[in-house]
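Remarks on the structure that follows.
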Amino acid sequence: NGTEETLQTEIRINEQFYKELYTFEDWQSINKGTFENYKLMSDIDFNGKANINTGINIARLDGNNHTLKNINLSLTGIQTGFINIVKSELQNINFENISVENVEGNSNIGIIINNTGDINNVSFKNIIINAPNAKYVACITKNDNSNTSEIKLNNINVIGKSYISGFIAETYATSFENIIADNITIKGSESYVGGIFGNILSKQASELTHISLTNSNIQGSQNYVGGIVGYMPYSTTSEIWLDNISQDNNYISGSDYVGGVSGNAGYGRHIEVNESTIVGNSYVGGVSGVCSLLYDIKFLNSNVEAIGNYVGGILGNQINVEILYDCHVIESNISSTGDNVGGLFGINNRILQYSSIENSYIKGRNNVGTLVGTNNMQVNYSYGYDCIVDGNNNVGGIVGYTSGTGGKIIQYTYNNSEIKGKGNIGGIVGNLNNTSMTETYNSHYIINNYAVNNIDGSNNVGGLFGYIAESLYKPQSFFYR
């Protein structure tokens, strides 16, 4: 109606405010006990500086593509890291030329002790963390966030006891993508040792995707050691996937549960291991010591060396009820002085299909096969080409030994391997345990397989089977072609 009115209201602007850091003195002025936002406005060089401000709490740290560099910390007592907590966000920052030492028996030694914020575009370069008596030792010791991406790790050296890695010692399973790691050296005197992650805890369905590790040396003296991750759990309700993983020119060693990518894992796809050596005792695999489901897997020009049982070019032991397919080993050596050794799997407990091994050498003691050491379920549509298989007893062109429970199927396979051993040597199966077989109990279907082998053995040597526990039950129905 032409009159003027005034209205008061409130709005909220979602804008983060930061304290700007330009110099060493600015860093020293950070209040340890508060959670504030900080942004680097230039590189900060700590070279020659004493009494560096450590153990600080931060809400957000935006490096603005600058670098914190030349930091030397000798920590004692309750001092364990450069930054105590990053609560909300860590991004666009470089950590370079940093040395952290703590020879006491504390836990959680690293650059950042706890992180709960998303991490993006962060690099760690020329890092030394020496804590030989500590657990949870890494650039970041513990993590529980939602997303981590665009990470670069270069020339990282970490020494500790257990839960040791080049990036994060222990993290809940969330989204991790685009991590590049080169020249990583990890030495753990106990378990849960990995090139990038030591231990992953189950939280939600997630992926670790597009991760590479090159030119690295990962060593753990005990169990769960892997090129990428020492241990990650298997869960059907919260699946954790290793996806698009590349591993090249690395050395990984441990005791039990050792793998080129993981010591223990649930799910993996689009993985390649090349020009690497994996060394362990038992449950040792070129990709994982133990895993449930794998597909699109390559193990190339590499070595698996073990002194115990359950050893394979892909897996030491396949667990649970998943199907594994499109797994391939080429020009590699898989050897152990123990039992259950296979070019692909030491033990197969479910279904292996559309897989192969070529131009490789497989050596074990008992239950040794071109594809599988011991088969507890199915091997389908797979082959071994130009391989040498060398064992003691129960040595086969496809499977060394088939167990005596449940239904076993070996079908549509081919192999022309050279098979060598002492007893129970067969072109397809070394030892067929068909005890008390009927249509419904301990049934075996071995059909449509082709073998053309050079076979050398002393006792129970056959073109198809080395040893059969009982006369074949209805061979026209269960054993043909």
Under 3.5 Å: donor-acceptor pair, side chain of S221, backbone of E190: no
Distance, nearest 0.5 Å, that separates CD1 of I410 from CD1 of I446: 4.5 Å
Test log, rule side-chain contact (heavy atoms from CB on, under 4.5 Å), inputs R350 and N320: CA-CA 7 Å; R350 198 58 181 173; N320 299 307; over 6 Å; no
No-hydrogen, no-angle side-chain donor-acceptor test under 3.5 Å, E150 and N178: yes
Please tabulate, one pair per line, all N/O donor-acceptor pairs under 3.5 Å involving side-chain atoms of residues 225-234, not counting sequence neighbours.
from	atom 1	to	atom 2	distance (Å)
Y234	OH	E322	OE2	3.4

Spacing of H328 atom NE2 and S382 atom OG [to the nearest 0.5 Å]: 8.5 Å
Any donor-acceptor N or O pair under 3.5 Å, side chains T80, N108: no
Distance-only side-chain donor-acceptor flag, N223 / S191, under 3.5 Å: no
Y172 OH: over 12 foreign heavy atoms closer than 6.0 Å: no
Polar side chain donor-acceptor pair, N449 to T413, under 3.5 angstrom: yes
Residues which pass ring pair (Phe, Tyr, Trp, His ring centres under 6.0 Å) with Y401, listed by chain and number, not counting sequence neighbours: none
Mutual orientation of the aromatic rings belonging to Y163 and Y136 [parallel < 30°, tilted 30-60°, perpendicular > 60°]: parallel
R269 bridged to E207 by N-O distance under 4.0 Å: yes
Within residues 288-298 or reaching into it, pairs that qualify as side-chain hydrogen bond (donor to acceptor under 3.5 Å, both in side chains) - sequence neighbours excluded: S262-S288, H270-D296, D296-K298
From N349 atom CG to Q378 atom CD, the distance as rounded to the nearest 0.5 Å: 12.5 Å
Exercise: identify the closest heavy-atom pair between I129 and I109: CG2-O, 4.0 Å
